[in-house]
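These figures come from a predicted structure and were not determined experimentally. By convention in this document, chain letters (A, B, ...) are assigned in the order of the sequence lines, proteins followed by strands, and residues within each chain are numbered from 1.
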There are 4 protein chains.
Amino acid sequence: MPRTPTENERIRRATTEQILKTAMTLFCEKGYYSTSIDDVAKQAQISKGLLYHYFKGKEDLLAALVDLRINDVLVVMNAAVAKTTPAEQIQHIVEGALEDVSRQPEVFRFYLNLFTQPRLDPVVAKYSQKLMDEQARQFEIQTEMFVRLGVAEPRQRSLYFSSTLQGIMLMFSTYPNSFPLEKLKAEAIAEFCNHG
Amino acid sequence: MPRTPTENERIRRATTEQILKTAMTLFCEKGYYSTSIDDVAKQAQISKGLLYHYFKGKEDLLAALVDLRINDVLVVMNAAVAKTTPAEQIQHIVEGALEDVSRQPEVFRFYLNLFTQPRLDPVVAKYSQKLMDEQARQFEIQTEMFVRLGVAEPRQRSLYFSSTLQGIMLMFSTYPNSFPLEKLKAEAIAEFCNHG
Amino acid sequence: MPRTPTENERIRRATTEQILKTAMTLFCEKGYYSTSIDDVAKQAQISKGLLYHYFKGKEDLLAALVDLRINDVLVVMNAAVAKTTPAEQIQHIVEGALEDVSRQPEVFRFYLNLFTQPRLDPVVAKYSQKLMDEQARQFEIQTEMFVRLGVAEPRQRSLYFSSTLQGIMLMFSTYPNSFPLEKLKAEAIAEFCNHG
Amino acid sequence: MPRTPTENERIRRATTEQILKTAMTLFCEKGYYSTSIDDVAKQAQISKGLLYHYFKGKEDLLAALVDLRINDVLVVMNAAVAKTTPAEQIQHIVEGALEDVSRQPEVFRFYLNLFTQPRLDPVVAKYSQKLMDEQARQFEIQTEMFVRLGVAEPRQRSLYFSSTLQGIMLMFSTYPNSFPLEKLKAEAIAEFCNHG
DNA sequence: AATGAATGAGACTTCATTCAT
DNA sequence: CATGAATGAAGTCTCATTCAT
């Protein structure tokens, strides 16, 4: 007797999630190239065939993870936009981003690694590009906040802000054990969220 | 009559350099994993066998490049240390680092990519670690500069400085065409090189 | 619907056996080093990938064959031990061993070749050692038979017996066409199976 | 100023011998296939080019060693033939052969290994065959000794004798440390050198 | 006589992907 | 939905041999 459609749907969702979670873990641990499809299937406790039933291939796995990442970042940005004053908005960006990286430094590290992938890598480059494009899009929104904040050169200030924030995230994800994240967060907020 | 040792030495040097240069170019373009030994040999216009005559393997190629990189960074730091006032020292770090990245953004990007490699990648991790260790060593020297500068919390300030600098380099190497490097350099110098 | 476990087991067994049989044949014909994995796969009519699915590598193939060999020899020895009188036991060793070599002289020759492999061969030595260890173990059992037979110096006699038997096998496998195996078998039995 | 022809001749001889000695050592230690030309040249402290100046290739090295071996065995046989009674002749074969193997068990082991090489090994087989042919030739001479000794079936007896002798050598070279060579030598002489 | 840089064929192995069931 | 046997392209590396000097 066949399973009900609802039951099937539930199984599908659970399996997909299980695969993605495993892939994320392994990619973070060993990197995209050093993780084999076999590794993912074994760790996810499913057969290789089933993995290919859910994803077109290894690359498709990466694509799905990148989409998830883009969505995560988007959520932070949307919440920031919803704030009323530009100072609060920028503060929320800082806090959201740093909270994210502090929860899972290896995950951030993995996406940063993807982000810095050489431009011609035949497989990975397009996802790297996708991340960059999304970041560029969000940068425009962020610059608008600095405009509203009334700084002299908002675009340049926005860039400087992004650089500092990215730099903090980079360094924290590199030395997660000894990095005083809270203190630097305070320092960044103090520097960028006030004006006049 | 065999070639003279001097002549052999000359040949060895030239070939080694040719190989390393080619490897660097290809790794920057396509990434370590997507570049094959065959690619390197072909592009360097030598046989695969000769490449293995000079380097133990693909990994050894990477090791040699990492050593070169570490040396490059060291040169900047040593020049900075030679300056007399701490303000000049820090300024030299900013200028040296940014000059370096602006000359060859893809090279910096490649090393940053290596730097952010997952910790368990069976091949690449150890070179990633080597870069991190060297950076940590230099960080101590830099912190001493902030001590001499007389800032309140020198270690934290040094970290914040590194974060900003790394962030600028990261963003510039990501968007080399539109990034106003000179302006952000000025902004960073203004922020970190004065006190009182 | 996936294949049943039983069906898979059947397929695995058949393929494994096919591979081992082919490897044995080729190793006997051309030797371990002159037989390539490609040769084995082609002759076994499977892909190289499948071969690696079943065996970890070329060396693993050799290991499996050595284990089979050790088992074969063990069977003869166990049957010998089961006999009641020591004379019958020794006779059974002679007959078992010679029957084995006469059926497949090249196989015996191959194992003898392995057996005489230089001690430091980086790959083959360990299997050579394994064969030697097993032979030493069986030698002890055989010596016990000569003790029961009541000869003066049983250990020495057992060694002399082994030497003669091994020598006959060596020579037969070298000149299988002209060697009067039956007659020498009779001569050996006459010499070693009586006493008093 | 060029070297004198005599001087050159001396150098040539010394170098050739050095190469052969090194090759023999390495082949015995690691086997023919696991020894590279590079190994031989390095150990012999000459350049690869020079090695190829003296020998056509790796195979030629093996050929030279096999010729040396054949000559060694021939010397023993000729000395045996020079004895007056057949019993003395056979005794000399036993003593000569066992003295040889006891002096350099690994060398004997190496030739035995060559001797048992599969018939179709594309490189090694022809030298294996050469050794076998020479052994067959000498077997005829030895059989004549048993004829003169007056045994019933001289050819069969000669074969049985060879088997025993080869077997002792095989076992001794396998367990050189614990094998009571002298005692088995005595046992063999007692068995084969008397008749009447 | 002597060197060692250079070559290239071919070996072993991995792994993303497909397919029969 | 699910399995794992099977494929083959591509990668890393070794090594006998040649060649310019």
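Put simply, D/Lys58 has a side-chain N or O that comes within less than 4.0 Å of OP1 or OP2 on F/dA16. Of the side-chain N and O atoms in A/Tyr52, none sit less than 4.0 angstrom from OP1 or OP2 of E/dC19. For the OP1/OP2 pair of F/dA5 and a distance below 4.0 Å, the side-chain nitrogens and oxygens of C/Tyr54 include no atom meeting the criterion. At the phosphate of F/dA5, neither OP1 nor OP2 sits under 4.0 Å from any side-chain N or O atom of C/Arg3. For the OP1/OP2 pair of F/dA5 and a distance below 4.0 Å, the side-chain nitrogens and oxygens of C/His53 include at least one atom meeting the criterion. Side-chain N/O atoms of C/Arg12 include none lying less than 4.0 angstrom from OP1 or OP2 on F/dG4. Applying the 4.0 Å criterion to OP1 and OP2 of E/dA5, one finds that B/Thr15 has every side-chain N and O outside that range.
Under the Watson-Crick or G-U wobble criterion, with both distances below 3.5 Å, F/dT21 is paired with E/dA2. Across all strands shown, F/dA9 forms a Watson-Crick or G-U wobble pair, both distances under 3.5 Å, with E/dT14.
Listed nucleotides: E/dT3, F/dT3, F/dT7. Nearest to the side chain of C/Leu50: F/dT7.
Rounded to whole Å, atom C1' of E/dA11 lies 15 Å from atom CD of C/Glu59. Rounded to an integer number of Å, the gap from B/Gln45 CD to E/dA5 C1' is 17 Å. Per the geometry, CG belonging to C/Leu61 stands 16 Å off P belonging to E/dA11, to the nearest Å. Whole-Å rounding puts the C/Lys56 NZ to E/dT14 C1' distance at 15 Å. Going from atom CD of C/Glu9 over to atom P of E/dT21 covers 18 Å, rounded to whole Å. Distance A/Leu26 CG to E/dC15 C1': 15 Å, rounded to the nearest Å. Nucleotide F/dA5 holds its C1' atom 16 Å from the CZ atom of C/Arg13, rounded to whole Å. F/dT3 atom P lies 16 Å from atom CD1 of C/Ile11, rounded to whole Å.
Between B/Asp39 and D/Ser34, it is B/Asp39 whose nearest contact on DNA chain F lies nearer the 5' terminus. Of the residues near DNA chain E, D/Ser47 and C/Pro2, the one whose nearest nucleotide (by heavy atom distance) lies more toward the 5' end is D/Ser47. Both C/Ile46 and B/Asp38 lie close to DNA chain F; mapped to their nearest nucleotides by heavy-atom distance, the more 5′-ward contact belongs to C/Ile46.
In terms of modelled atom types and a separation under 3.5 Å, the side chain of A/Thr116 and the main chain of A/Asn113 share a donor-acceptor contact.
Cation-pi geometry between C/Lys130 and C/Phe115 is not satisfied (NZ or CZ under 6.0 Å from the ring centre, within 45° of the ring normal).
Looking at heavy atoms from C-beta onward, B/Leu62 lies out of side-chain contact with B/Lys58 at the 4.5 angstrom threshold.
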**OP:** Would you sort out whether C/Glu59 and C/Lys126 count as a salt bridge (charged side-chain N to carboxylate O under 4.0 Å, His left out), showing the intermediate values?
**Re:** CA-CA 10 Å; C/Glu59 196 176 332; C/Lys126 72 179 78 153; 2.9 Å; yes

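Base contact: B/Gly49 has a heavy atom under 4.0 Å from a base atom. Backbone-only engagement by A/Thr35 is indicated by non-hydrogen atom pairs under 4.0 Å involving sugar-phosphate atoms exclusively.
Aromatic ring pairs are classed by plane angle as parallel below 30°, tilted from 30° to 60° and perpendicular above 60°; the pair B/Tyr32 and B/Phe27 is perpendicular.
With hydrogens and angles left out, the side chain of A/Lys48 and the base of F/dT3 share no donor-acceptor pair within 3.5 Å.
Between B/Ile19 and B/Val40, the shortest heavy-atom contact is O-CG1, 4.3 Å.
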